[in-house]
Amino acid sequence: MNRKVVINCALPYANGPLHIGHIAGAYLSGDIFNRYQRMIGNEVMFICGSDEYGTPISIQAEKEKVSPKEIVEKYHREHRKTMESIDIFFDYFGRTTDPEHSEFVEDFFRDLEKSGYLEKRKMISAYCPNEGRFLPDRYVNGTCPRCGYENARGDQCDECGRTNDPQDLINPRCAICGSPAEFRETDHVFFLASKLEGRIREWLEGKKEWRENVRSFSLNMIQGGLKDRAITRDIDWGVPAPMEGMEGKRIYVWFEALLGYLSFARKYSREKGESDYWLNMYSGGHTFYFLGKDNIFFHAILLPAMHMASGKYPLPERVDANEYLRFNGQKFSKSRGIGYSVDDILKIVDKDSLRFYLSSILPESSDSDFTLNEMKEKVNSELNGKYGNLVNRVISFAEGKGIHPEYGEGDDLDSTLEAGLTKFLSSYLEAMERLEFRRAISLWLEAVKSVNSYFNDAKPWDMVKNHDPKVSARIWHSLKAIEYLTVTIYPFVPSGAERVWDSLHGVNMPDLPLKHLEEVCTFSIRNTGPVFKKIEIEEEEGNELNLVVGKIIMAENHPNADSLLHLKVDLGFNVIDLVAGIKKYYDLKDLEGKKIIVVKNLKHSKIRGIESQGMLLAAQDSRGAHLLTSDEKEGTEVLIGEHRYSGEGKISIDDLKRYDLKADNEGLYPTAVIGRDRLYMTANGKRVYIDEKVEGKSQIR
RNA sequence: AGCGGGGUGGGGUAGCUAGGAAAUCCCGACGGGCUCAUAACCCGUAGAUCGAUGGUUCAAAUCCAUUCCCCGCUACCA
């Protein structure tokens, strides 16, 4: 087995820090595969780099009053450092602002032109005479022709949702400076992808081993035809389009960035002093791309189309896209402060723990959820408790009792163990080949359990007591088993695995550790204390929901909304205004005097003109909404389980979701989750209830 | 609204593409074992109408239809 393998990870955009969603989306999978491929003896070229052109960067630069170059410089350096901080080392980490990249792109562009895949076409585009530039659709504002909303955007009207064409807007204006926009004719170069539609479809259809999410999604996408795409833009920050009459135009960032994989590989080869190395590597035909699902179109359709058109480079063997990683059930969002950047999370956990946890929740087939609590649980119980402790217990036992591990024929226990490990290894390798990394980890975990179990059953401590000389063979077999586990976890937790190897052998892990497994080796163990440490994360447990019983003293229809009610609610000491969307389900006269449960410390929010100073809770099922209620006096505090309200300040709707409010299985009582427990709510010791039986587990809002 | 993903024991999940005897794993609860180890590890028990309804089938968590709910995306930005 000695194949040439090229592994490419989607180029991160150089306009902000990388968060753990990016890592789980593309880079960790790429690195796991990279390490795996090297481990089994293949030659690997592992490439990535910064995507540094494009409008968002130039706009950001304008805002921050710096040059695009400065922004790009900063994040290029930062990204590379971040990758290395979690043991992701590319052979080459390039950048698209590199002149050698531009040169490559321009050559590629000319090649396509020669072979008839490019065509100049006229387009009408919005233009701001004041700014002196063409405007992307969303930078055109005007009056919506359908609803009359005056601030509709050129792409879509926020008010009525209609998708617009900038030319449809009445009184179109430049969104940047506000001056009236004009429409001018402009030339753009189109990539004639439609010519390749049949070939792309056929090619995709043949990729049966690809993940469902990539193959079906792509096929689905070109169902309506593969359209020719404009690959030039009227912007300043990009690679110039090398075509007559196209002066000042830049090549569309995506078109250009996708060529980074090749141009970076070429640059890498040149720096290596072996200028054809990259072509040589690509000629193996094993090219793998790792990316997030938002990049599927570009890698599974556009890139292969470009390669087909040029005819020079092999098509991907595999395009592997992960879904999204969420944080506590929500999308990672820097602006809303949801989730962690890599640099921030590394202040809380070490890289091995992070890689281990992320590996075990890689969003391979559907979105997955990152939570600190789960990370702590998994890392402490699996990586530490099961694996780390196994290493530690065997080594410290052997050393403590002065046993020198020596190979010897084993008994039934040993041969069962060995057979189990052999089987494990082959299914592990199969999973890795198929890029099923989560499965590989879960197989590994099973194997770890079986070795712990073996060690328990083997009871070497009894053998020591009985002066059984076979104990040294027993320890040898145990160490061999640990070796298996260590080698197989290496692609996921490289630093940790190397530390374990060191304590088994006192030397660095060899380049081809898999081969070593078959050898009757000698061990030279060193007890350096636990290789992994448990992580400490303070749990965010507690009740930060300030719930009270309230009594509706006034209910009226909301003057400006169809489905909302305006309520005044007595909370015992004060009366607040609430806006609630239950108009469809309750009559006004039934509501007055009714006791309800109110979230008192929710951020106030103006809803269609009336400020809602809290939120009432109701269970919602297919038939409608049903209020939570209690017979206790208004103002009575509502507890979740034993938890009293212990928070401070206002909470947001997003915070509320953490409690996962739901009706119980019978649909009679509301429940909320605090920590790991689903708990009932009580007021004065009596359960809060739902005013009418609902479907079990109905959501409460 | 459109597109995409999902609803599986108390919490988190696997399984669904190729339907099949007891539904996986982690945490938690309960009981036991062990004492080498990081209060760790190992074994066992309880706990799931696999969102709902209907259909196909000898057989459905898995396929089809309908429906309810949740989440994400919906910038010719990249």
Side-chain angles (χ1 to χ4, degrees), chain A residues 11-13 15 51 53-57 59 123 125 136-139 153-156 160-163 166 208 211-213 215-217 220-221 227 229-230 233 252-254 257 293-295 298 323-324 326 329-331 360-361 363 365-369 371 373-374 376-378 380-382 384-386 388-401 438-439 441-443 445-446 448-462 464 475 478 529-534 620-623 657 660 662 665 671 673-679 695-699 701:
Chain A
L11 311 186
Y13 201 56
N15 73 337
D51 179 8
Y53 283 125
T55 316
I57 284 174
I59 288 180
M123 286 175 81
S125 202
D137 285 1
R138 64 179 302 229
Y139 286 103
R153 281 179 295 146
D155 50 351
Q156 192 178 27
C160 68
R162 173 189 153 116
T163 41
K208 300 235 192 290
R211 286 223 206 112
E212 205 44 30
N213 67 347
R215 198 174 85 109
S216 311
F217 180 84
N220 197 14
M221 207 150 196
K227 291 193 189 70
R229 290 176 81 89
R233 295 290 132 109
Y252 174 48
V253 207
W254 258 111
K293 70 173 162 189
D294 48 342
N295 283 344
F298 301 103
E323 302 286 310
Y324 289 137
R326 305 233 197 80
Q330 295 175 264
K331 202 201 147 193
S360 67
I361 59 162
S365 57
S366 65
D367 292 353
S368 62
D369 203 17
T371 71
N373 271 339
E374 196 195 24
K376 181 178 151 187
E377 266 177 15
K378 284 219 174 240
N380 287 352
S381 139
E382 297 174 0
N384 281 278
K386 294 196 165 48
N389 179 53
L390 172 69
V391 174
N392 187 235
R393 73 194 287 211
V394 174
I395 290 181
S396 65
F397 175 79
E399 216 178 61
K401 307 287 181 194
R438 278 176 78 149
R439 188 173 143 67
I441 279 234
S442 107
L443 288 166
L445 199 64
E446 260 175 59
V448 174
K449 283 190 69 159
S450 76
V451 178
N452 264 317
S453 187
Y454 156 85
F455 199 68
N456 267 34
D457 296 343
K459 295 191 175 57
W461 43 90
D462 283 351
V464 169
I475 295 304
S478 306
V531 179
F532 297 101
K533 277 192 227 104
K534 286 194 177 179
Q620 177 134 34
D621 66 9
S622 52
R623 294 187 305 271
K657 285 182 189 156
D660 191 24
K662 269 193 222 169
N665 291 344
T671 63
V673 171
I674 289 188
R676 296 182 198 86
D677 306 313
R678 182 165 286 285
L679 302 163
E695 288 158 20
K697 301 186 179 178
S698 296
Q699 203 76 23
R701 282 184 295 192

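Scope of the values below: all heavy atoms of this structure, side chains included, with no hydrogens, waters or symmetry mates. Sequence lines set the chain letters: A, B, ... in the order given, protein chains first and strands last, and positions in each chain run from 1. None of the values given here were measured: they were computed from a predicted structure.
For the pair A:Arg233 and B:C77, the criterion of a side-chain N or O lying under 4.0 Å from OP1 or OP2 is not met. OP1 or OP2 of B:C27 has at least one side-chain nitrogen or oxygen of A:Lys386 nearer than 4.0 Å. The phosphate of B:C27 has OP1 or OP2 within less than 4.0 Å of a side-chain N or O from A:Ser381. Look at A:Lys449 and you'll find a side-chain N or O under 4.0 angstrom from OP1 or OP2 of B:C26.
Taking the C1' atom of each, B:C43 and B:U35 are spaced 15 Å apart, rounded to whole Å. Using P as the reference atom, B:U38 and B:G72 are 44 Å apart when rounded to the nearest Å. Nucleotides B:U56 and B:G20 are separated by 16 Å at their C1' atoms, to the nearest Å. Nucleotides B:G15 and B:C63 are separated by 15 Å at their C1' atoms, to the nearest Å. If you take atom C1' in B:A14 and the same atom in B:C77, they sit 37 Å apart, rounded to whole Å. Atom name P, nucleotides B:G55 and B:A61: the rounded distance is 15 Å, in whole Å. Distance noted for atom P between B:G4 and B:C27: 37 Å (whole Å). Nucleotides B:A48 and B:G11 are separated by 12 Å at their P atoms, to the nearest Å.
Nucleotide B:U57 forms a pair with no other nucleotide shown, judged by Watson-Crick or G-U wobble geometry with both contacts under 3.5 Å. With a 3.5 Å ceiling on both atom-pair distances, the Watson-Crick or G-U wobble partner of B:A29 is B:U45. Summarising the base pairing, B:C34 is matched to no nucleotide, lacking a Watson-Crick or G-U wobble pair whose two defining distances lie under 3.5 Å. When both distances must be under 3.5 Å, the Watson-Crick or G-U wobble mate of B:A39 does not exist. Remark: B:C3 base-pairs with B:G72. Criterion, Watson-Crick or G-U wobble with two distances under 3.5 Å. Under the Watson-Crick and G-U wobble criteria, each requiring two contacts below 3.5 Å, nucleotide B:C50 is left unpaired.
Side-chain contact between A:Ile57 and A:Tyr13 is present, with at least one heavy-atom pair separated by less than 4.5 Å. Counting heavy atoms from C-beta outward, A:Ile361 and A:Glu374 have side chains that approach closer than 4.5 Å. Side-chain atoms of A:Asn456 and A:Arg393, non-hydrogen and from C-beta on, do get closer than 4.5 Å to each other.
Among the heavy atoms of the strands lying under 4.0 Å from A:Gly385 are primed sugar atoms or P, OP1, OP2 only; no base atom is included.
Looking at every heavy atom in both residues, A:Phe455 comes nearest to A:Phe397 through CZ-CD2, 4.4 Å.
Here the P atom of nucleotide B:U35 and the NZ atom of A:Lys459 are 8 Å apart, to the nearest Å.
In this pair, A:Trp461 lays its aromatic ring flat on the base of B:C36, centres within 5.5 Å and planes under 30 degrees apart.
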Polar-atom pairs under 3.5 Å, protein N or O versus N or O of nucleotides 13-19 of chain B: list them with distances, or write none.
none

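Using bins of under 30°, 30° to 60° and over 60° for the plane-to-plane angle, the ring pair A:Phe298/A:Trp254 lands in the parallel bin.
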